[in-house]
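Note: hydrogens, waters and symmetry copies are ignored here, and every other heavy atom, side chains too, is used. Lettering of chains follows the sequences in order, A, B, ..., and the numbering in each one begins at 1.
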Protein chains: 2
Amino acid sequence: MPDKTYNIGVEATMDIIGGKWKSIILCHLRQQTLRTGELRRAIPQITQKMLTQQLRELENDGIVNRKIYEQVPPKVEYSLTDRGNSLNAILHQLCLWGESNIAERKSNGETINLLSEEQEVNS
Amino acid sequence: MPDKTYNIGVEATMDIIGGKWKSIILCHLRQQTLRTGELRRAIPQITQKMLTQQLRELENDGIVNRKIYEQVPPKVEYSLTDRGNSLNAILHQLCLWGESNIAERKSNGETINLLSEEQEVNS
DNA sequence: TGCTGTAGATACTTAAAAGTACCTATACAA
DNA sequence: TTGTATAGGTACTTTTAAGTATCTACAGCA
């Protein structure tokens with residue numbers, strides 16, 4: 001796809017963080033390097049295929065680093081690039097906004113939940 | 001859809017600003033109230049159907065206000081709610097990040113363009 | 001010897017998002 | 001009287017994103 005044209009900056013940014021998983025993956029990479037399996041366990045609903053696919057795209061966009069340890073069984077670590085870090089600072093604000101927005105809407109009587117790592121649902 | 005559960009704040013935020021058009025629409029509503037037609041002209045590629053649909057969803061999420069003037073021909077104005085304004089402050093940063101990211105990538109030899117309202121492509 | 005964990009790839013299917021086409025109704029201008 | 005602008009609605013199709021199932025290869029453990 002040669003020569004992609006955007007009409008506004010946010011369109012370009014959304015091209016990078018859009019979709020169901022990328023923003024979630026990036027938020028988990030905030031402040032820490034994670035192995036593939038650690039990411040997968042941090043985001044239980046994601047499939048191996050989607051995780052790999054999204055990480056590849058983020059790598060191609062220069063947002064995450066992929067470090068391969070040449071050993072068996074394989075070990076691969078993902079971390080944010082400088083560009084990824086600058087983006088993640090804003091993403092973190094979106095994360096905080098989402099949390100307070102949920103709190104606001106819950107106090108309005110809506111039923112929306114944010115699961116913390118602690119309070120798991122045991123149904 | 002009763003009882004939606006999110007695992008991380010950014011997931012909830014993306015539920016609101018995700019998709020191809022919403023972030024763009026919101027950025028255009030920054031600092032100004034716009035009529036439907038003004039929005040449509042500001043975002044030439046969007047269709048009437050998508051514009052209306054996305055605005056309805058943003059209204060349901062408490063992000064935009066819809067003010068109907070009971071007159072013929074119809075007049076409808078869209079503006080940001082307080083909640084919309086708090087979200088838009090962050091969205092504006094994503095916009096700026098996108099612009100500088102494009103500049104960065106262009107200096108790297110990639111061909112990506114950001115059209116300002118001035119410099120139209122005359123091919 | 002067979003099972004688990006590691007990090008993928010690939011073909012295929014399903015679900016969701018976006019786009020197209022065509023419809024309403026009325027005021028105003030040429 | 002025909003065309004334009006206003007702000008939509010609705011049925012249908014196409015495109016894109018996401019999900020499912022199954023495959024590789026090797027080390028270490030019981």
task: Scan nucleotides 8-27 of chain D nucleotide by nucleotide, 5' to 3', and note B when protein non-hydrogen atoms come under 4.0 Å of the base, S if they reach only the sugar-phosphate, - if neither.
output: BSBB------SBB-----SS
message: With a 4.5 Å cut-off on side-chain heavy atoms, are B/W21 and B/Q45 touching?
response: yes
message: Just so I know, are the side chains of A/I102 and A/R105 near enough to count as touching, which here means a heavy-atom distance under 4.5 Å?
response: no
query: Which one of B/R56, B/K49, B/Q48, B/Q54 satisfies the side chain to side chain donor-acceptor pair (under 3.5 Å) criterion with B/T52?
result: B/Q48
Residue among A/K75, A/E77, A/R35 satisfying side chain to side chain donor-acceptor pair (under 3.5 Å) with A/Y69: A/E77
task: Please say which of A/R66, A/K22, A/Q53 ends up in a side-chain contact (heavy atoms from CB on, under 4.5 Å) with A/L58.
output: A/K22
Pair up each side-chain donor or acceptor in residues 87-94 of chain A with any protein partner under 3.5 Å, not counting sequence neighbours, and list the distances.
| residue | atom | partner | partner atom | Å |
| --- | --- | --- | --- | --- |
| A/N88 | ND2 | A/L26 | O | 3.2 |
| A/Q93 | OE1 | B/Q93 | NE2 | 3.1 |
| A/Q93 | NE2 | B/Q93 | OE1 | 3.1 |

field: Bracket string, DNA chain C, 5' to 3' - pairs by Watson-Crick or G-U geometry under 3.5 Å, | interstrand
entry: ||||||||||||||||||||||||||||||
query: Under the salt bridge (Lys or Arg N to Asp or Glu O under 4.0 Å) test, which residues partner A/R83, sequence neighbours left out?
result: B/E104
query: In Å, rounded to the nearest 0.5 Å, how long is the span from CG of A/N101 to CG of A/L96?
result: 12.0 Å
task: Please name all residues satisfying salt bridge (Lys or Arg N to Asp or Glu O under 4.0 Å) with B/E59, sequence neighbours left out, ordered by chain then number.
output: none
field: Contact check, side chains of B/N7 and A/I24, non-hydrogen atoms, under 4.5 Å
entry: no
field: Heavy-atom contact window of chain B on DNA chain C, given 5' to 3' at under 4.0 Å
entry: C/dA18 to C/dA27
